[in-house]
Amino acid sequence: MRRYSFVQLLRNAIGLGDGWQQAWRSPEPKPAYDVVIVGGGGHGLATAYYLAKNHGVTNVAVLEKGWLGGGNTGRNTTVVRSNYLWDESAGIYEHSLKLWEGLTQELNFNLMFSQRGLVMLAHTEHELNEASRRVHANRLNGIDAEILSREQTLAFVPILNGSKDIRYPVMGSSVQKRAGIARHDAIAWGFARAADALGVDIIQNCEVTAIRRDGSRVVGLDTTRGSIDARKVGLVAAGHSSVLAALAGFRLPIESHPLQAMVSEPIKPVLDTVVMSGTVHVYVSQSDKGELVIGAGIDAYNSYAQRGSLPILEDIASAMIELFPIVSRLKVLRSWGGIVDICPDASPIIGKTPVEGLFINCGWGTGGFKATPGSGWVLADTIANDRPHPLAAPFSLERFTSGRLIDEHGAAAVAH
Amino acid sequence: MTQAFRLASGGRIDREAPLRFLFDGHAYDGFAGDTLASALLANGIHLVARSFKYHRPRGIFALGVEEPNALVETGIGAGVEPNARATMVEVTDGLIANSQNRWPSLRFDLGAAADLASPLLSAGFYYKTFMGPAGAWKLYEWLIRRAAGVGRAPDLPDPDRYEHSYAHADVLVIGAGPAGLAAALAAGRAGARVLVVDEQVEPGGQLLNTAYAVNGRPALGWVAEASGELDRLSDVRRLARTMAIGAYDHGYVACVERAVPVPDGRVRWRERIWHVRAKEIVVATGAIERPLIFDGNDRPGTMLASAARAYATRYGVAAGRRAVVFANNDDAYRTALSLAEAGVEVAAVLDLRHDPTGALPALARERGLRVMSGHGVVGSRGRMRLKAVEAAPIDDPSNRQIIECDLLAVSGGWNPALHLYAHAGGKAAYNTSLAAFVPGIPADRMTVAGAAAGEFTLAQCLAGGARAGVEAARRAGFAATHPALVLDAPEPDADLRAGPLASPSRGGKRFVDLHNDVTEADLHLALSEGYRSVEHVKRYTTLGMGPDQGKTGNILGLSVLAQALGQEVPMVGTTTFRPPYHPVSFGALAGREVGDLVVPLRKTPMDSWHEEAGALFEPVGQWRRAKAYPKPGESMHAAAEREVRAAREGVGLFDASTLGKIDIRGPGATTLIERVYCNNFSTLGAGHGRYGLMLGEDGMVKDDGVTVRLGPDHYHMTTTTGGAAGVYVWIEDWLQTEWLDLEVFLTSVTEQWAVATLSGPKARAVLAPLTDVDLSVQAFPFMAFREGRVAGLPARIFRVSFSGDLSYEINVPARHGLALWQALMESGRPHAIAPYGTEALHILRAEKGYIVVGHETDGTITPMDLGYEAMVSKKKDFLGRRALSRSGMSGPERKHLVGLLTKDPARMLPIGAQIVERPSEARPVPMIGHVTSSYHSPTVKRGIAMALIKNGRARLGDTVYLPLLDGPTLAAEVVKPVFYDPENARRDG
Amino acid sequence: MLLIPCPWCGERVEAEFRYGGEAHLKRPDNHLLCSDETWAEYLFMRRNPKGWHRERWMHLAGCKRWFYVVRHTQTHRIAAAYKVGEAWPALPA
């Protein structure tokens with residue numbers, strides 16, 4: 001892999017460079033691999049990368065039915081944070097955040113991971129109490145978190161509506177300063193390039209049509225680009241997990257819903273942190289290009305349509321104006337929808353499935369982007385060692401039988 | 001120099017209505033009917049903006065919505081609108097507009113240094129640098145953000161109002177050009193209810209821009225007749241200045257209507273969103289012209305051929321004195337002819353095709369225009385304004401000749417505007433000869449007609465529109481005859497097949513996406529680095545991601561990719577169109593749901609009394625509830641403690657009207673209640689109530705409340721304030737889909753009853769004078785219900801208690817709520833009655849250890865966790881029972897509800913504080929629980945707290961620790977969660 | 001904003017309804033005696049198909065009836081709506 005650097009950029013700019021390499025190869029699929037990862041989004045590519053890097057498993061293919069990062073990786077609002085309530089969640093998200101902190105250098109790909117802080121607003125006393133509970137827990141879990149008073153919050157985010165005489169005045173907030181945003185496409189491309197350099201075959205436009213089993217064991221896949229044998233298969237296809245599980249003959253505790261987001265036209269910087277509000281349901285940041293990137297709610301019904309409905313956007317617009325009155329005359333440039341796989345407890349599923357050799361990583365709901373490196377790390381470890389990584393163990397499929405759910409619904413109204 | 005480029009005659013501007021406006025501080029003249037763009041062009045101004053990345057000088061490029069360059073700021077102060085399209089701003093007298101994204105001025109912009117560094121700033125350069133040292137991105141980002149954005153946000157709240165309207169139509173016609181008008185006439189004559197929306201100020205579409213003829217007369221005469229007829233049809237409505245921005249499911253289309261601008265800006269509403277539900281939709285949105293790729297294709301003075309023509313025809317403006325037309329299709333010859341007719345010198349028509357044979361090129365030649373076929377522009381000159389182009393044969397690009405000109409009109413053919421069709425799920429197909437995407441797999445309830453369907457001649461548009469109108473009306477249930485219109489629209493045969501989209505390269509900058517400064521070289525770079533999917537290229541280069549969303553650039557980009565990959569365009573694919581078609585303001589989307597109306601506000605019948613009494617309110621869901629009634633100078637906490645003392649020692653009055661209430665009756669009522677509560681209700685006699693606990697099928701506590709048996713088959717169920725709707729829907733669900741054996745009827749009566757709760761030892765004394773009901777302990781014991789009159793009002797009295805003291809919950813029909821409240825306050829006056837709010841309520845209930853769903857529970861708590869095991873019936877089946885026996889539902893890992901007393905009685909535990917077993921440990925520390933409720937109790941005169949702690953009931957008497965944020969670690973003793981009157985002597989007395 | 005054909009009231013906008021997820025989930029017979037696995041299947045596991053879906057809606061702002069809809073989860077087309085107890089209409093091809 002030819003390294004990226006300013007010097008390279010300069011040499012190429014003045015015509016002394018030797019050009020740029022392909023970021024990754026486009027190989028034909030081989031007849032067999034040690035491990036096949038189904039799904040070429042951030043999580044799948046991270047899994048392949050860590051399989052190769054941490055476990056020396058390089059005879060790996062990543063199969064993507066469309067284009068790399070074309071699912072939720074490329075459709076989210078890029079929030080990265082780890083201030084989750086429950087120990088299990090804090091464990092995996094904080095592991096992920098720590099990986100984010102060194103990933104640009106490790107992958108030699110600028111992920112533009114911007115630790116600009118994330119503010120979760122409290123508009124009611126109940127929300128203040130919930131914030132207190134979460135911040136206390138975060139601190140004891142070794143995660144940075146602070147409570148900001150009303151005045152501190154308004155100073156931290158000057159464009160917030162500071163009036164007390166509004167429906168949902170800002171009463172205070174919690175903030176995680178190590179949280180922030182990253183460039184969504186870059187995480188897929190960076191992992192793809194680094195995994196490719198370690199020998200992983202990345203195969204796009206390759207849809208899985210069947211999962212082949214020998215008894216209770218997975219033995220391979222049929223795809224639109226031929227049949228591929230594999231001893232181990234990881235299903236990492238957010239938005240289509242149930243469809244793949246059905247191919248393998250089991251069901252998941254998942255419903256797929258449209259989740260919309262939108263961006264404004266680019267404007268000069270007005271917001272230099274990430275703001276979330278559970279009560280008025282908004283999460284927003286401003287990209288380095290100047291667009292306000294805004295996450296909306298999910299539509300109530302199951303859908304695989306990658307588009308949502310207008311009322312959701314109208315609600316988010318009124319919430320935005322409630323929080324930030326100056327946005328009223330700005331314009332929404334583009335909206336889009338992703339498909340989120342939602343578990344009953346709003347926590348993911350990582351680990352083994354009823355089929356031997358078949359592993360799954362799904363159910364991240366609206367919050368999977370931030371977990372990309374962490375989830376890849378623990379799934380790679382789980383696949384390589386055939387047992388759940390300790391951080392993944394609580395997120396087993398089995399928890400739905402035992403009832404040991406990790407319910408992040410009650411803990412945070414907005415699970416992004 | 002005033003309007004030096006205004007033609008002596010022609011155009012649809014009102015020359016009798018002159019007006020004056022400011023651009024970048026200079027005053028210019030224009031006429032009513034001008035857009036900012038046409039008025040600036042009339043004054044010879046092309047340079048209006050700087051590009052996003054390289055800050056290159058840019059001019060007005062297009063006519064309307066597709067404008068990639070001319071983004072300006074209009075208005076001042078709170079009325080600022082950033083990124084307004086100069087091509088869409090209707091000029092009014094006194095309009096103030098300014099250029100954006102330049103410093104210190106538009107002509108001298110230091111940001112243009114980026115242009116010099118452009119070799120460094122190739123596509124995706126930022127992925128390859130700014131990486132070290134770790135953490136340095138923060139600094140780089142700070143620098144990069146200096147350059148971010150185009151316009152500025154206003155710094156004041158928006159003074160304007162926005163509206164939402166709703167419309168239903170049999171047929172919605174989008175676009176009032178020839179196809180749209182024909183469709184609307186066909187459907188309207190068939191009797192269908194038709195709504196026609198059009199983004200322009202007046203109907204006509206392209207007929208406004210080009211002099212066509214219909215039935216031997218100027219086409220605009222037909223437009224006037226057609227729109228006149230539509231206006232006379234009673235079931236047809238036309239909306240001008242109304243743009244369809246998104247097509248959604250099942251015939252739902254969102255349209256944005258702009259107000260007619262007025263000079264002082266004081267409009268009743270600024271924008272209005274129409275939510276249209278249509279049985280059928282005719283998309284007649286026309287087509288958007290695309291430019292061509294050539295070296296230096298972005299200089300001010302370069303514009304789309306159709307725009308140059310329209311400025312002359314529609315606005316009476318010559319966009320230059322000496323023009324070159326550069327095209328790959330016949331339509332651009334109309335521009336050459338129009339310009340020549342308007343007196344503009346047409347220096348040359350460069351045609352990329354080798355042998356244009358159509359009637360229009362012939363006509364151009366006939367008129368003496370210099371047609372240079374097989375030629376292209378291979379370079380341009382002039383920095384702030386085009387001065388000349390370099391023309392050359394495409395087969396011999398070095399054989400250049402300089403042609404001086406100040407206007408370059410380019411045309412790369414036309415793209416059908418398929419955005420709405422794609423929103424609704426239509427799948428476009430590529431038409432090779434038009435080099436454009438046309439409708440393929442149809443979208444639900446939608447017909448595409450006219451230029452949007454690739455029907456590019458006027459005759460085709462009229463016929464296609466009429467056909468679509470007939471078809472849409474028929475599908476909507478109206479018998480329409482076909483053809484409904486007899487129209488004759490002769491025009492010269494035009495070869496509308498598009499030739500090549502690019503001139504040969506000579507190494508200059510060749511822009512594909514003008515707004516985002518994406519060049520052909522950027523696309524090639526992306527391909528060479530392996531970004532081959534069109535989506536990858538788009539994301540890597542930002543092609544089509546600017547404010548114009550690639551309306552002019554996308555297809556050029558696709559053609560570059562196709563050529564480089566040696567594939568056909570459809571193999572390369574197309575990116576998805578997403579709503580909105582054109583950017584829409586947050587204000588318009590929000591409509592009236594801002595400020596006080598952002599969420600409906602629910603008030604109880606006694607709310608006005610609370611407000612007059614100076615209550616502090618708190619939001620609880622959509623409700624607002626009185627939190628406390630502070631006296632002047634009194635803090636909320638002091639007020640709440642005073643209210644607690646009143647309710648403990650004397651008497652207090654609480655507004656409990658927000659509690660959810662469900663009336664349940666029918667022969668199956670008792671069975672139903674038995675199934676939804678985990679505790680036993682079968683033994684509850686009529687006239688009595690019982691506290692019930694409801695579990696989800698997952699065994700977790702879902703809701704709670706008292707249910708009173710009013711009669712043998714009649715119950716009054718109460719739920720939590722927040723849970724009311726959910727519980728109602730949930731019980732109906734079981735009743736209607738699973739328990740078909742039960743004959744029961746549920747009615748949500750939350751808002752039918754006002755509820756005032758008298759609480760405290762003197763409650764009986766306050767109530768007695770107002771009622772005929774016997775209140776003695778023997779006649780009316782705890783948990784009994786009586787019906788009677790209170791203060792002359794029909795009332796249901798429940799003797800329940802959430803404070804732990806003697807308490808009567810008095811329900812009256814909602815309209816009597818205020819009268820009841822006033823009567824109780826009056827009767828209580830001798831007893832120093834005090835109204836109390838939710839804060840006091842919470843203290844009172846915490847003193848007794850009563851739970852609040854959502855505080856002591858969070859969706860992960862079972863009745864056993866709460867210590868309510870005795871309530872869970874072993875004898876009956878109920879919802880959630882099965883889940884309670886799962887392996888994870890028992891054992892030492894479960895959290896139990898306990899009380900906590902700080903070792904230092906003066907210390908209060910913060911709600912949410914986490915609990916650990918040992919006082920200090922390195923992080924991370926295993927946590928065993930958290931504080932769910934915590935108050936200073938004026939009754940026991942110390943801090944009290946409730947907590948959920950792992951295996952808590954086994955820890956009674958133990959000391960646990962609570963490390964506070966940035967504070968000390970507090971020690972507390974685990975106790976039973978009851979702090980006051982554990983024998984319930986006061987409650988029952 | 002979907003247009004939901006309530007079998008009692010006719011077509012109404014989605015805002016008037018509550019969505020209830022997958023239809024015809026069968027509560028295990030003798031559920032108090034069934035295995036934890038069987039219970040988890042009933043409680044949590046869903047088909048979640050990409051295609052035709054039998055699902056439940058309640059007309060909350062109208063007749064307050066729960067009923068069933070056959071809807072395609074990719075196109076959102078609605079093929080049928082039917083009342084509780086009625087025969088299930090066949091899924092479109």
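A note on names: the letters A, B, ... follow the listed sequences, proteins ahead of strands, and every chain is numbered from 1.
Heavy-atom pairs under 4.5 Å with chain A were tallied for B:A148, B:P119, B:P924; the largest tally goes to B:A148. Counting heavy-atom pairs under 4.5 Å between each of A:A23, A:G290, A:A317 and chain B puts A:A317 at the top. When the candidates B:A153, B:A922, B:G124 are compared by the number of heavy-atom contacts under 4.5 Å with chain A, B:A153 comes out ahead. Interface summary for chain A: among B:D966, B:T932, B:I911, B:L962, the most heavy-atom pairs under 4.5 angstrom belong to B:I911. The choice from B:R270, B:M927, B:R539 that makes the most heavy-atom pairs within less than 4.5 Å of chain A is B:R539. Comparing B:Q549, B:E618, B:R146 by heavy-atom pairs within less than 4.5 Å of chain A, the highest count is held by B:Q549. Most heavy-atom pairs under 4.5 Å with chain A, from the set B:P583, B:G587, B:A590: that is B:P583.
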Subject >> Steps toward side chain to side chain contact (heavy atoms under 4.5 Å, CB included) verdict (A:I267, B:V150) >> reply: CA-CA 5 Å; A:I267 49 159; B:V150 181; over 6 Å; no

Subject >> B:Y252 and A:S309: CA distance, side-chain angles, deciding distance, side chain to side chain contact (heavy atoms under 4.5 Å, CB included) verdict >> reply: CA-CA 10 Å; B:Y252 200 60; A:S309 66; over 6 Å; no

**OP:** Given side chain to side chain contact (heavy atoms under 4.5 Å, CB included), test A:M112 with B:E141 step by step and report yes or no.
**Re:** CA-CA 8 Å; A:M112 296 173 228; B:E141 184 174 52; 5.9 Å; no

**OP:** Take A:W24 and B:Y531 through the ring-ring contact (aromatic ring centres under 6.0 Å, His included) test and state the conclusion after the steps.
**Re:** CA-CA 9 Å; A:W24 53 82; B:Y531 298 93; 5.2 Å; yes

**OP:** Dump the intermediate steps for side chain to side chain donor-acceptor pair (under 3.5 Å) on A:E130 and B:H855, then the final yes or no.
**Re:** CA-CA 9 Å; A:E130 292 295 311; B:H855 292 214; over 6 Å; no

**OP:** For A:E94 and B:R923, run salt bridge (charged side-chain N to carboxylate O under 4.0 Å, His left out): C-alpha distance rounded to whole Å, both residues' side-chain angles, the deciding distance at 0.1 Å, then the answer.
**Re:** CA-CA 13 Å; A:E94 175 62 14; B:R923 312 293 191 247; over 6 Å; no

**OP:** Decide side chain to side chain contact (heavy atoms under 4.5 Å, CB included) for A:S318 and B:F586; before the verdict, give the C-alpha distance in whole Å, the side-chain angles of both, and the deciding distance to 0.1 Å.
**Re:** CA-CA 7 Å; A:S318 57; B:F586 284 87; over 6 Å; no

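Residue contact with chain A, scored on non-hydrogen atoms closer than 4.5 Å, is absent for B:A883. For A:Q21, the part sitting under 4.5 Å from any heavy atom of chain B is the backbone (N, CA, C, O) and nothing else. Contacts between A:D272 and chain B at a heavy-atom distance below 4.5 Å involve backbone atoms as well as side-chain atoms. Proximity to chain B is limited to the side chain of A:I294, based on heavy atoms less than 4.5 angstrom apart. Neither the backbone nor the side chain of A:S163 comes within contact range of chain B, judged by heavy atoms closer than 4.5 Å. For A:L68, the parts sitting under 4.5 Å from any heavy atom of chain B are the backbone and the side chain alike. Using a 4.5 Å cut-off between heavy atoms, B:A147 touches chain A through its backbone atoms (N, CA, C, O) alone. Proximity to chain B (any heavy atom under 4.5 Å) is shown, for A:V7, by neither the backbone nor the side chain. Looking at A:D87, the atoms closer than 4.5 Å to chain B (heavy atoms on both sides) all sit in the side chain, from C-beta outward. Contact of A:D315 with chain B is made through the side chain alone, with heavy-atom distances under 4.5 Å.
Looking at heavy atoms from C-beta onward, A:L140 lies in side-chain contact with B:Q914 at the 4.5 angstrom threshold. With contacts defined as side-chain heavy-atom distances shorter than 4.5 Å, the pair A:R404/B:S887 qualifies. Between B:Y127 and A:R183 the shortest side-chain heavy-atom distance falls below 4.5 Å. Looking only at side-chain heavy atoms (C-beta outward), B:T860 and A:L405 stay at 4.5 Å or farther from each other. At a threshold of 4.5 Å between non-hydrogen side-chain atoms, the residues A:W189 and B:H536 count as touching. A 4.5 Å side-chain heavy-atom check between B:R532 and A:Q204 finds every atom pair outside the cut-off. Residues B:Y248 and A:R307 are not in side-chain contact: their nearest non-hydrogen atoms beyond the backbone lie 4.5 Å or more apart. Contact annotation: the side chain of A:E125 approaches that of B:K627 to within less than 4.5 Å [non-hydrogen atoms, C-beta and beyond].
Here the side chain of B:K128 pairs no donor or acceptor atom with the backbone of A:N108 at under 3.5 angstrom. Between the side chain of B:N83 and the backbone N or O of A:P266 there is at least one donor-acceptor pair closer than 3.5 Å. Side-chain N or O atoms of A:K268 include none that pairs as donor or acceptor with a backbone N or O of B:G151 at under 3.5 Å. No donor-acceptor pair under 3.5 Å is formed between the side chain of A:R329 and the backbone N or O of B:D158. Side chain of A:K331 to main chain of B:P82: a donor-acceptor pair is present (N/O by atom type, distance under 3.5 Å, no hydrogens or angles). Checking side-chain atoms of A:N110 against main-chain N and O of B:T129 turns up a donor-acceptor pair under 3.5 Å.
Using a 4.0 Å cut-off between charged side-chain N and carboxylate O, B:K538 and A:D185 make no salt bridge. Residues B:R85 and A:E265 are paired through a salt bridge, judged by an N-O separation under 4.0 Å between the basic side chain and the carboxylate.
For the atom pair CG of A:L103 and CE of B:M131, the computed distance is 12.0 Å after rounding to the nearest 0.5 Å. How far CG of B:L121 is from CG of A:L9: 8.0 Å, rounded to the nearest 0.5 Å. Rounded to the nearest 0.5 Å, atoms CD (B:E81) and OG (A:S328) are 10.5 Å apart. Once rounded to the nearest 0.5 Å, the distance linking CD1 of B:I915 with NE2 of A:H136 reads 10.5 Å. Note that CZ of B:R578 is 8.0 Å distant from OG of A:S335, once rounded to the nearest 0.5 Å.
Because its NZ or CZ atom is not both nearer than 6.0 Å to the ring centre of A:F113 and within 45° of the ring axis, B:K138 does not count as a cation-pi partner of that residue.
Each of A:L310, A:I321, A:I316 was evaluated against B:L589; a single residue qualifies, A:L310, per the side-chain contact (heavy atoms from CB on, under 4.5 Å) test.
Every residue meeting the side chain to side chain contact (heavy atoms under 4.5 Å, CB included) condition with B:S885, not counting sequence neighbours, appears here in chain and number order: B:R882.
Taking a 6.0 Å sphere around CZ of A:R334, one finds it holds more than 12 heavy atoms contributed by other residues, nucleotides or ligands.
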Indicate every side-chain donor-acceptor pair of residues 591-601 of chain B with a distance under 3.5 Å to a residue at least two apart or in another chain.
none

